[in-house]
**Q** 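Below is the structure I would like to discuss, written out as structure tokens.
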Amino acid sequence: MDPRTATDARQGRYAVLLESARTLTTEQLLDVIEEAQRDKDAACARQAVALAHLSAIEPTRQEDGTEVEVHHGLGHQRLDAPELAAPRMGVSVHVAANRVTDAIHQMTRTPAVVDAMTAGELDERRAAVVTEETDILDAEDAATVVDAVRPHWERLTTGPLRRFVARTVGRLFPDALADEAERARDRRVLTRVTGEHGVDQWRADLLVEQSRLAWTAVTELARQLVRDGKADNLTQARADAMAQLILEHSDVSVVLHATRADVTTGSVPEPASVPESGSTPSDAQAVPGAGPDDGWCEIGGLGAPGTTFVPARWLAAATSTAAPGLTCHPVTGALTGGDVPAGLATGRDLTGTSTTTSETYRIPAVMARFVRLRDGGCRFPGCSTPARQCDLDHVRPWPAGPTSPANLIALCRRHHRIKQRDGWTPRLHPDGTVDWTDPTGARSTTSAVDHLHLGATAPASGAGSGDASSAAARTHHLDLSPLDDQLAELLTLHARTRPHRHRADDGLRPPPRVDRHWTDLAFDPPPREPHPDVIPF
């Protein structure tokens with residue numbers, strides 16, 4: 001069916017319903033709801049079929065230079081299938097990657113759930129549950145489980161269905177379940193979701209014998225905090241207790257990085273001086289009316305992108321080390337110049353210029369640190385892989401393109417390979433943005449890290465966008481540890497060489513390092529390398 005015809009048909013049905021909805025009875029409205037759900041389920045089935053077959057197609061260049069599409073059979077994973085599908089689906093690349101993976105598994109291992117979606121027996125989520133709970137089995141064994149649960153799945157909601165399928169797998173294939181339990185222990189992780197309003201979220205998969213004991217220790221300390229009046233309830237106190245148990249065994253330093261607008265790329269005022277160690281940053285956005293030891297400060301960094309809020313008294317008490325200033329583009333906030341320090345390790349050479357051009361293919365260490373700090377992560381549209389896990393790639397291949405920050409971007413191993421495929425074209429601009437064109441001609445843009453936090457800084461009251469006072473308010477910003485979590489690790493390792501200092505400061509101390517987690521996409525994600533002794537910039 002022509003896409004325009006299908007769109008017109010959907011809009012026509014919607015218009016008819018909208019016009020007559022007030023006159024429909026309860027039973028008629030329920031019929032519409034049921035019919036719409038069946039249409040949605042069937043659409044999900046069609047999308048799964050299309051995604052699985054899209055992944056099976058590879059463009060192949062012939063000897064005469066022409067390009068043809070070759071279908072390699074269901075189960076083949078085309079490297080850039082998620083990147084092509086994501087803009088058509090209106091989702092991120094990671095979401096598209098997960099959907100492509102689910103579609104492949106459903107079409108190759110549990111095709112019966114796709115048929116069930118088409119028939120209106122299963123919705124997308126419950127179909128995914130059946131596929132997920134049988135992913136430890138091969139296609140033949142998975143089909144056996146599907147046949148066993150099929151008579152019951154239409155009347156079960158998501159939670160009961162997941163438990164029922166898991167019990168069926170354990171009953172029919174106990175050895176496979178035991179093997180998966182062993183693999184699950186090897187996949188233990190601790191992840192963090194960064195927040196913008198003064199809190200982060202942690203999620204951990206822990207060994208059960210450690211988890212139960214750790215929970216008991218946290219709960220005991222939490223009860224003491226509640227008795228001492230330091231927390232309002234036990235749930236809140238557990239969060240404080242966990243942080244206290246971790247931090248009392250560590251000593252983390254905070255590095256302040258002053259960033260300022262580059263006066264060579266725009267007319268901007270000179271920035272204020274960098275605050276001395278231990279002082280509250282002059283450009284932190286404090287709550288109006290708060291005293292020097294009260295309220296909150298909005299800061300950037302702390303091992304995560306964007307800004308967040310911390311207590312002003314914590315920032316004032318934190319031990320800080322001033323780092324060299326960095327210049328940024330006045331419009332995008334992308335780094336344009338300055339030296340990024342290698343760390344606090346003694347004897348390191350911190351000299352050199354980040355923005356000069358090297359005559360060789362090999363990227364100098366100081367230049368690599370600069371590019372990774374500028375980009376923050378993979379510069380491919382929709383990818384959030386941290387820069388420390390990325391390659392540094394010449395946008396224009398060397399030697400036609402120079403080894404220079406103006407021709408280098410961070411790309412994870414997967415998107416580095418995709419960039420080298422026919423049809424993918426990036427263009428790096430002086431303001432740090434990268435324009436991408438995919439094989440279908442679709443275009444998208446990614447931005448470097450905004451180290452001036454221009455998007456988070458409101459203009460002065462009553463000032464227009466071109467007002468001098470408005471520009472002055474955005475000329476510099478003080479970032480805390482913006483070199484991602486590898487810098488925090490380096491600082492922690494450096495601190496371990498010094499005697500431990502216990503601070504009695506109401507439990508407000510710099511946060512510990514938490515590894516970011518690379519999501520397994522089943523599309524050849526970059527390997528996790530062992531942590532080096534120094535940050536690999």
Side-chain angles (χ1 to χ4, degrees), residues 6 9-10 13-14 16-18 20-21 23-53 74-75 89-91 95-181 183-184 187 203 205 208 522:
R10 288 194 298 268
R13 295 171 64 188
Y14 170 74
V16 170
L17 175 62
L18 200 61
S20 61
T23 65
L24 299 181
T25 65
T26 297
E27 188 62 32
Q28 289 173 325
L29 289 172
L30 289 173
D31 288 341
V32 172
I33 293 171
E34 181 179 1
E35 181 184 1
Q37 184 62 49
R38 291 182 183 275
D39 290 343
K40 182 179 178 181
D41 298 340
C44 289
R46 295 197 305 272
Q47 188 179 78
V49 172
L51 287 172
H53 282 274
L74 288 176
M89 300 166 68
V91 298
V95 171
N98 289 333
R99 291 192 184 178
V100 170
T101 301
D102 290 343
I104 293 173
H105 290 171
Q106 287 176 340
M107 293 296 295
T108 57
R109 292 178 45 257
T110 57
V113 302
V114 183
D115 297 338
M117 283 193 290
T118 303
E121 299 174 8
L122 286 178
D123 61 273
E124 181 183 24
R125 187 67 207 121
R126 287 186 296 152
V129 163
V130 176
T131 304
E132 290 167 4
E133 292 301 321
T134 58
D135 65 357
I136 64 175
L137 307 175
D138 58 30
E140 183 178 353
D141 292 344
T144 301
V145 173
V146 169
D147 290 340
V149 301
R150 185 199 300 268
H152 311 282
W153 62 27
E154 191 169 5
R155 60 182 177 82
L156 295 176
T157 56
T158 302
L161 177 61
R162 183 181 295 277
R163 292 189 292 271
F164 180 61
V165 176
R167 287 198 303 269
T168 304
V169 171
R171 175 171 56 85
L172 297 178
F173 304 101
D175 291 341
L177 192 63
D179 292 341
E180 175 60 18
R183 288 191 295 269
R187 293 196 300 266
R203 182 189 179 280
D205 291 331
V208 64

**Q** Once salt bridge (Lys or Arg N to Asp or Glu O under 4.0 Å) is applied, what residue pairs with a partner in residues 100-110 remain, sequence neighbours excluded?
**A** none

**Q** Please find the pair of heavy atoms, one from Arg183 and one from Ala176, that lie closest to each other, and give the distance.
**A** NH2-O, 4.4 Å

**Q** Under the salt bridge (Lys or Arg N to Asp or Glu O under 4.0 Å) rule, collect the residues that match up with Glu124, sequence neighbours excluded.
**A** none

**Q** Would you give the length of the straight line joining atom CG of Leu29 to atom CG of Leu24, rounded to the nearest 0.5 angstrom?
**A** 5.0 Å

**Q** Only distances under 3.5 Å count here; give the side-chain donor-acceptor pairs of residues 135-148 to other protein atoms, sequence neighbours excluded, each with its distance to 0.1 Å.
**A**
unit_1	atom_1	unit_2	atom_2	d
Asp138	OD1	Glu140	N	3.3
Asp138	OD1	Asp141	N	2.8
Thr144	OG1	Glu140	O	3.2

**Q** Checking Thr134 against Val165 for the side-chain contact (heavy atoms from CB on, under 4.5 Å) test, could you report, in this order, the C-alpha distance in whole Å, the side-chain angles of both residues, the deciding distance, and whether it holds?
**A** CA-CA 8 Å; Thr134 58; Val165 176; 4.0 Å; yes

**Q** Side chains of residues 114-123: which donor-acceptor partners sit under 3.5 Å, not counting sequence neighbours?
**A**
unit_1	atom_1	unit_2	atom_2	d
Thr118	OG1	Val114	O	3.1
Glu121	OE1	Trp153	NE1	3.3
Asp123	OD1	Arg126	NE	2.6
Asp123	OD1	Arg126	NH2	3.4
Asp123	OD2	Arg125	N	2.9
Asp123	OD2	Arg126	N	3.2

**Q** Can you list everything that forms a side-chain hydrogen bond (donor to acceptor under 3.5 Å, both in side chains) with Thr23? Sequence neighbours excluded, please.
**A**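 By the side-chain hydrogen bond (donor to acceptor under 3.5 Å, both in side chains) rule, Thr23 matches no residue at all.
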
**Q** Mind checking what makes ring pair (Phe, Tyr, Trp, His ring centres under 6.0 Å) contact with Phe164, not counting sequence neighbours?
**A**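 If we apply the ring pair (Phe, Tyr, Trp, His ring centres under 6.0 Å) test to Phe164, skipping adjacent residues, the hits are His152.
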
**Q** For residues 112-141, which residue pairs pass the ring-ring contact (aromatic ring centres under 6.0 Å, His included) check, not counting sequence neighbours?
**A**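 For residues 112-141: none.
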
**Q** Ignoring hydrogens, what is the shortest heavy-atom contact between Ala48 and Ala103? Give both atom names and the distance.
**A** O-CB, 3.3 Å

**Q** Quick one: list whatever passes salt bridge (Lys or Arg N to Asp or Glu O under 4.0 Å) with Glu35, sequence neighbours left out.
**A** Arg13

**Q** Using salt bridge (Lys or Arg N to Asp or Glu O under 4.0 Å) as the criterion, list what pairs up with Arg155, not counting sequence neighbours.
**A**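 Partners of Arg155 under the salt bridge (Lys or Arg N to Asp or Glu O under 4.0 Å) test: none.
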
**Q** In Å and rounded to the nearest 0.5 Å, what is the CG to CD distance from Leu51 to Gln106?
**A** 10.0 Å

**Q** Test of understanding: with salt bridge (Lys or Arg N to Asp or Glu O under 4.0 Å), list the residues that count as partners of Glu34, not counting sequence neighbours.
**A**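 With sequence neighbours excluded, Glu34 shows a salt bridge (Lys or Arg N to Asp or Glu O under 4.0 Å) to Arg38, given in chain and number order.
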
**Q** Assess whether side-chain contact (heavy atoms from CB on, under 4.5 Å) is satisfied between Val49 and Met107, documenting all intermediate values.
**A** CA-CA 7 Å; Val49 172; Met107 293 296 295; 3.8 Å; yes

**Q** Strictly by side chain to side chain donor-acceptor pair (under 3.5 Å), give each pair with a member in residues 159-173 just once, sequence neighbours left out.
**A** Glu132-Arg162, Glu133-Arg162

**Q** So, using side chain to side chain contact (heavy atoms under 4.5 Å, CB included) as the criterion, who are the partners of Val91 when residues are at least two apart?
**A** Met89, Val95, Ala96, Arg99

